[in-house]
Engineer: 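One structure follows; several queries about it will come next.
Quick note: numbers below take in every heavy atom, side chains included, and nothing from hydrogens, waters or symmetry partners.
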Amino acid sequence: MTGFEHSGLHWELFVVVYTDIGEDVYKHNFLQYSTWFDDPEDEDNQPNYKTYPIGTTFIKENYSMKNGKPDKAQWLTIMIKREQDFNPEGGNWEYMQFNVNGEAMINGSSIDNQVSSQCAQCHENVAERDYIFSNIYSGTYQ
């Protein structure tokens, strides 16, 4: 869904984002956010964000930066939209993170303190976008 994108939101790393059934919603929310960002003071310019269907999965590769370019793989992050009763206070998202050896670093919902501090607290800032930032979209795979 994206090429290498610099993400100040994710520890100044480069990220590549993939999704399955969530691409249309991601693109819609990206365009809504971009339009609003251009003129946030315009009362007629209020975004109309959509929510992701249950089962939507996001995979994000995270890379360090060297000389302003992507360098070494750091970890892999996954978010999965779960059923309505999984964690309603956290948008029903499950968070997972794996190191470069494939070992789980975190796994769970915003109820878990480690998941909350590493992931969910920031994603709660975009609850209106169904907890997904959707502020980069390059569609480079097309």
Side-chain angles (χ1 to χ4, degrees), residues 1-42 45-142:
M1 188 172 59
T2 72
F4 283 104
E5 306 284 350
H6 177 258
S7 179
L9 299 170
H10 295 97
W11 305 280
E12 296 295 327
L13 296 173
F14 275 90
V15 298
V16 179
V17 181
Y18 304 88
T19 191
D20 55 355
I21 59 177
E23 182 181 7
D24 290 341
V25 174
Y26 188 98
K27 186 175 182 180
H28 170 84
N29 289 354
F30 165 77
L31 294 171
Q32 292 288 306
Y33 174 77
S34 297
T35 301
W36 171 83
F37 189 82
D38 286 342
D39 192 2
E41 302 301 321
D42 181 357
N45 186 26
Q46 296 306 306
N48 181 22
Y49 298 119
K50 294 182 179 180
T51 58
Y52 293 91
I54 293 170
T56 298
T57 301
F58 284 94
I59 300 173
K60 184 174 45 127
E61 298 173 341
N62 300 270
Y63 295 88
S64 62
M65 183 186 333
K66 184 174 182 179
N67 299 321
K69 296 180 181 179
D71 192 33
K72 295 181 177 157
Q74 298 298 301
W75 54 79
L76 184 73
T77 307
I78 299 172
M79 288 178 68
I80 301 173
K81 180 76 174 215
R82 297 295 186 189
E83 304 77 30
Q84 294 299 324
D85 60 350
F86 177 76
N87 177 21
E89 298 82 21
N92 296 305
W93 287 98
E94 180 178 12
Y95 300 84
M96 293 171 252
Q97 193 171 59
F98 301 90
N99 66 22
V100 294
N101 297 320
E103 300 162 333
M105 297 165 55
I106 62 170
N107 183 11
S109 71
S110 64
I111 296 170
D112 178 279
N113 287 335
Q114 185 180 19
V115 172
S116 181
S117 66
Q118 291 293 313
C119 306
Q121 286 178 355
C122 286
H123 284 268
E124 288 169 359
N125 291 316
V126 291
E128 73 280 358
R129 289 186 256 169
D130 201 8
Y131 299 81
I132 301 293
F133 284 95
S134 62
N135 57 352
I136 54 175
Y137 181 82
S138 56
T140 58
Y141 68 92
Q142 296 177 351

Engineer: Find out whether M105 and Q118 are in side-chain contact, i.e. whether some heavy atom of one side chain is under 4.5 Å from a heavy atom of the other.
Structural biologist: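 When only atoms from C-beta onward are counted, Q118 and M105 do not touch, as no gap falls below 4.5 Å.
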
Engineer: Testing the basics here: between Y49 and E128, what is the closest heavy-atom pair and its distance to 0.1 Å?
Structural biologist: CB-O, 3.3 Å

Engineer: Would you confirm whether N92, through its side chain, and F86, through its main-chain N or O, come within 3.5 Å as a donor-acceptor pair?
Structural biologist: yes

Engineer: Please find the pair of heavy atoms, one from R82 and one from M96, that lie closest to each other, and give the distance.
Structural biologist: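 Shortest heavy-atom separation between R82 and M96 comes out as NH2-CE, 4.4 Å.
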
Engineer: Do you know which two heavy atoms are closest between F133 and C122, and how far apart they sit?
Structural biologist: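 Closest heavy-atom pair between F133 and C122: CZ-O, 3.6 Å.
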
Engineer: Okay, side chain of T19, backbone of V17: is any donor-acceptor separation there less than 3.5 Å?
Structural biologist: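 No, T19 side chain to V17 backbone: no donor-acceptor pair under 3.5 Å.
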
Engineer: Has the side chain of N107 got a donor or acceptor atom that lies under 3.5 Å from a matching backbone atom of Q97?
Structural biologist: no

Engineer: Measuring from I59:CD1 to I80:CD1, what's the distance to the nearest 0.5 Å?
Structural biologist: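 Going from CD1 on I59 over to CD1 on I80, the span is 8.5 Å.
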
Engineer: Give a yes or no answer on whether the side chain of S116 reaches the backbone of D112 with a donor-acceptor pair at less than 3.5 Å.
Structural biologist: no

Engineer: Give a yes or no on whether the backbone of W75 and the side-chain of N62 come within a donor-acceptor separation of less than 3.5 Å.
Structural biologist: yes

Engineer: Quick one: are F98 and E103 in side-chain contact, heavy atoms under 4.5 Å?
Structural biologist: no

Engineer: Please confirm whether the backbone N or O of Y52 pairs with a side-chain atom of D130, one donor and one acceptor, at under 3.5 Å?
Structural biologist: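 Side chain of D130 to backbone of Y52: a pair is present.
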
Engineer: So that I can tick it off, tell me whether D24 and K50 are bridged by a salt bridge, with the cut-off set at under 4.0 angstrom between side-chain N and carboxylate O.
Structural biologist: no

Engineer: For N101, I'd like to know if atom CG has over 12 heavy atoms of other residues, nucleotides or ligands within 6.0 Å.
Structural biologist: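 More than 12 within 6.0 Å, yes.
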
Engineer: Quick check for you: to the nearest 0.5 Å, what is the distance between Y131 atom OH and T51 atom OG1?
Structural biologist: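 Separation between the atoms: 11.5 Å.
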
Engineer: Atom OH in Y18, atom OH in Y26: separation rounded to 0.5 Å?
Structural biologist: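 Answer for the OH-OH pair, Y18 versus Y26, is 13.0 Å.
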
Engineer: To check you understand the geometry: which heavy-atom pair defines the closest contact between K81 and G91, and what is its length?
Structural biologist: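 Heavy-atom minimum between the residues: NZ-O, 3.2 Å.
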
Engineer: Could you tell me which non-hydrogen atom of P53 sits nearest to which non-hydrogen atom of V25, and how far apart they are?
Structural biologist: CD-CG2, 4.3 Å

Engineer: Could you state the interatomic distance from CG (N113) to CD (Q121), rounded to the nearest 0.5 Å?
Structural biologist: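 Answer for the CG-CD pair, N113 versus Q121, is 9.0 Å.
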
Engineer: Once you round to the nearest 0.5 Å, how far does CG of N99 lie from CG of L76?
Structural biologist: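 If we round to the nearest 0.5 Å, N99:CG and L76:CG are 10.0 Å apart.
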
Engineer: Ring-plane angle category for F58 and W93, please: parallel below 30°, perpendicular beyond 60°, tilted otherwise.
Structural biologist: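 If you compare the ring of F58 with that of W93, the planes turn out tilted.
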
Engineer: A side-chain contact here means heavy atoms from C-beta on lying under 4.5 Å apart; do V126 and I132 qualify?
Structural biologist: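 Counting from C-beta outward, V126 and I132 never come under 4.5 Å.
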
Engineer: Verify, without hydrogens or angle tests, whether E94 (side chain) and S109 (backbone) share a donor-acceptor contact under 3.5 angstrom.
Structural biologist: no

Engineer: Which heavy atom of Q74 sits nearest a heavy atom of V100, and at what distance?
Structural biologist: O-CG1, 3.5 Å

Engineer: Checking S110 against N87: is there a side-chain donor and acceptor pair closer than 3.5 Å?
Structural biologist: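 Checked: N87/S110 side chains pair up, N/O donor to acceptor below 3.5 Å.
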
Engineer: Would you say E61 and Y63 are linked by a side-chain donor-acceptor pair, where the criterion is simply a distance under 3.5 Å?
Structural biologist: yes

Engineer: Just how far is it from atom CD1 of I111 to atom CD of E89, taken to the nearest 0.5 Å?
Structural biologist: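 So the CD1 of I111 and the CD of E89 are separated by 6.0 Å.
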
Engineer: Is there a donor-acceptor contact under 3.5 Å linking the side chains of D20 and T56?
Structural biologist: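 There is no such pair between these side chains.
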
